[in-house]
Participant: 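Sending over a structure as structure tokens; questions will come in a sec.
When reading the values below, keep in mind they use all heavy atoms of this one structure, side chains included, and skip hydrogens, waters and symmetry mates. Letters A, B, ... mirror the listed sequences (proteins, then strands); counts begin at 1.
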Amino acid sequence: MARTPLQRPRGTQDILPADQPYWRLMQQAAERLAVRYGYRKIDTPIFEATELFSRSAGDASDIVLKEMYTFTDRGERSLTLRPEGTAPIVRAYFEGGLTEEPQPVRLFYIGPYFRYGRPQAGRFRQLHQLGVEVIGDDDPGLDVEAIQLAWSWFKELGLSGIGLQVNSIGDEVCRPAYRELLRDYYRPLLPQLCADDQVRFERNPLRMLDCNVPADQRFKADAPRIVDHLDAACAAAFEAVKAGLRGLDIPFALNPTLVRGLDYYTRTVFEGWHESLGGAQNALVGGGRYDGLAAELGFRSTPGMGFAIGLDRTAVILKQERPGESDGLDVYAVTVSAEDRGQVIELASTLRGHGFGVIVDAGEARLDAKLRKADRRGARLALIVGPEERAHGQAILRDMRDKEQVSVGYGELPAAVGKRLDGRV
RNA sequence: GUGGCUUUAGCUCAGCUGGUUAGAGCAUCAGAUUGUGGAUCUGAGGGUCGAGGGUUCAAAUCCCUCAAGCCACCCCA
């Protein structure tokens, strides 16, 4: 049981400074779009009563069966680190009285989630998601809106190569009959199927449709498709979703075998992938409608629609498609001799007072070494003060991009810096 | 959770069939007749060779256990 001391727990990650610009981009894109679409932010606790998840996701779902971080606190309560966001949001919707606001209520959230599984590239025990929920209306137009929002977010980040797939899995009215139809189809094939499918046959036959075992693929083509067995209401809703997406020029593919792992989904389900993500960890976004969830949790029956985007995986793609994003330091201020220190510190302080980002380097190193650091650190401007400059009450402002530099009096410095920085003041 | 592969400096990797003070490139820091960057050259710092145990005169190198990472499955973000 020897344990390597002091390393991060399995399946977690440090988001180091070099990666933070990408996380900032993702968060800022989310907040810009939220405003544009009228979604308001909500935060819920990192842990919840275990029952919230076991009742919503379904006792037989993998999340409940083997992926939850569950613990008992000192008051003997069973609590669980949230494995997903929808159930807590729905809980908060009722508990926080959002039922009394104009419906539907549009919400978004961003934060960490926890699932106990074997880690892999792009799959963590502490993962990060951006999610959106629209609660209180079953209008298919909201399904379209949510999917458009997810699509827009990727576009906002400048990402392409996302493939969207859409399906409808019916509701509690028409799905039971289809489920039996599927069982009838697979029953004679059962002996030939993989062990997992044997279990799924009893537990959740729909999941047999997205089995990845190569040998089982040949049976899928002839399996009955749920889109052919929707009742009138579900079929009409699905048509409306498809028409809405086409009207907005959002490209998508129909995937009749797309089902979702959580029991609470009804009607519209969708997922998005990115071509460049390797292996099985290429799902970037997933979501759907969950008209039965509120009732399942014991609240008044209320429809809802939402999705979650995986930020960890999106960050990987962002990095490879937009390398070199930096923190955008404004000014790297250096001394030439030891006597310049006081003046440089004062000038830096003044600039900070005007809102500029400034690093002071008053070290002993040579000037070229300091400028090298300014460059590596990604500073836009270098501020140089030596004995000569001080004698004239001036400082040198050097633009690190085009190497142009000017001498400016101390009093003119903030304006000169602002002018160089695209007119900022 | 199941199966497999991997683990040497911050990063990417050498290190042959076990043999003296463990190497390279990049990165970091410093210097190149001492006030101007991204190049070049020189030098320096940095490793309990994932951890623990075993075999041996001797282990980064062989054996066992554990841990972590990766790949497939499971599942999904």
Participant: Could you state the atom-to-atom distance from CG of A:D196 to P of B:G1 in whole Å?
Facilitator: 16 Å
Participant: Can you check the A:L209 CG to B:C74 P distance for me, whole Å?
Facilitator: 14 Å
Participant: Please state how far atom CZ in A:F154 lies from atom P in B:A77, giving the value in whole angstrom units.
Facilitator: 12 Å
Participant: What class does the angle between the rings of A:Y37 and A:Y39 fall in, given that below 30° is parallel, 30 to 60° is tilted and above 60° is perpendicular?
Facilitator: perpendicular
Participant: Grab the CG-P distance between A:D312 and B:C70 for me, whole Å please.
Facilitator: 12 Å
Participant: Counting Watson-Crick and G-U wobble pairs only, both distances under 3.5 Å, name the nucleotide matched with B:A30, or none.
Facilitator: B:U42
Participant: Using OP1 and OP2 only, check whether a side-chain N or O of A:R8 sits under 4.0 Å from B:G69.
Facilitator: no
Participant: Indicate every side-chain donor-acceptor pair of residues 401-409 of chain A with a distance under 3.5 Å to a residue at least two apart or in another chain.
Facilitator:
residue	atom	partner	partner atom	Å
A:D402	OD1	A:E404	N	3.0
A:E404	OE1	A:R420	NH2	3.2
A:Q405	OE1	A:R398	NH1	2.8

Participant: Need the pair for B:G50. Rule: Watson-Crick or G-U wobble, both distances under 3.5 Å, any strand; none if unpaired.
Facilitator: B:C66
Participant: Would you tell me if any nitrogen or oxygen in the side chain of A:R10 comes within less than 4.0 Å of OP1 or OP2 on B:A68?
Facilitator: yes
Participant: Salt bridge check, A:E145 against A:R106: does any charged N sit closer than 4.0 Å to a carboxylate O?
Facilitator: yes
Participant: B:G3 pairs with which nucleotide, Watson-Crick or G-U wobble, both distances below 3.5 Å?
Facilitator: B:C71
Participant: Measure the acute angle between the ring planes of A:F47 and A:F71, then classify it against the limits of 30° and 60° as parallel, tilted or perpendicular.
Facilitator: perpendicular
Participant: Measure distances between side-chain N and O atoms of A:R123 and base N and O atoms of B:C75, and say whether any donor-acceptor pair falls under 3.5 Å.
Facilitator: yes
Participant: Using only heavy-atom distances, determine whether the side chains of A:Y93 and A:T302 contain a donor-acceptor pair under 3.5 Å.
Facilitator: no
Participant: In whole Å, measure the gap between the C1' atoms of B:U34 and B:U12 for me.
Facilitator: 36 Å
Participant: On RNA chain B, compare the nucleotides closest to A:E364 and A:A308; which residue's is nearer the 5' end?
Facilitator: A:E364
Participant: For B:A60, which nucleotide is its Watson-Crick or G-U wobble mate, given both distances must be under 3.5 Å?
Facilitator: none
Participant: Does A:T12 or A:Q129 map to a spot on RNA chain B nearer the 5' end, using the closest nucleotide for each?
Facilitator: A:T12
Participant: Strictly below 4.0 Å, N to O, side chains only: are A:R187 and A:D184 in salt-bridge contact?
Facilitator: yes
Participant: Base, backbone or nothing for each nucleotide of nucleotides 33-38 of chain B, written B, S, -, heavy atoms under 4.0 angstrom, 5' to 3'?
Facilitator: --BBBB
Participant: Provide, to the nearest angstrom, the distance between the CD atom belonging to A:Q7 and the P atom belonging to B:G69.
Facilitator: 8 Å
Participant: Could you state the atom-to-atom distance from CZ of A:R118 to C1' of B:U6 in whole Å?
Facilitator: 13 Å
Participant: Go ahead and name the base partner of B:G37; Watson-Crick or wobble counts if both distances stay under 3.5 Å, otherwise write none.
Facilitator: none
Participant: Taking 4.0 angstrom as the limit, do A:R115 and A:E84 come out as a salt bridge?
Facilitator: no
Participant: Which part of the nucleic acid, if any, lies within contact of A:F124, taking any heavy atom under 4.0 Å across all strands shown: a base, the sugar-phosphate backbone alone, or nothing?
Facilitator: base
Participant: Sticking with atom P, work out how far B:A44 lies from B:G4, rounded to a whole angstrom.
Facilitator: 47 Å
Participant: Once you apply the 3.5 Å cut-off to both distances, tell me the Watson-Crick or G-U wobble partner of B:G23, or none.
Facilitator: B:C13
Participant: Take the protein atom CD of A:Q120 and the nucleotide atom C1' of B:G4, then report the distance between them rounded to whole Å.
Facilitator: 12 Å
Participant: Salt-bridge test for A:R390 and A:D340: reply yes if a basic N is under 4.0 Å from a carboxylate O, no otherwise.
Facilitator: yes
Participant: Rounding to a whole Å, what distance do you find between A:L157:CG and B:A77:C1'?
Facilitator: 15 Å
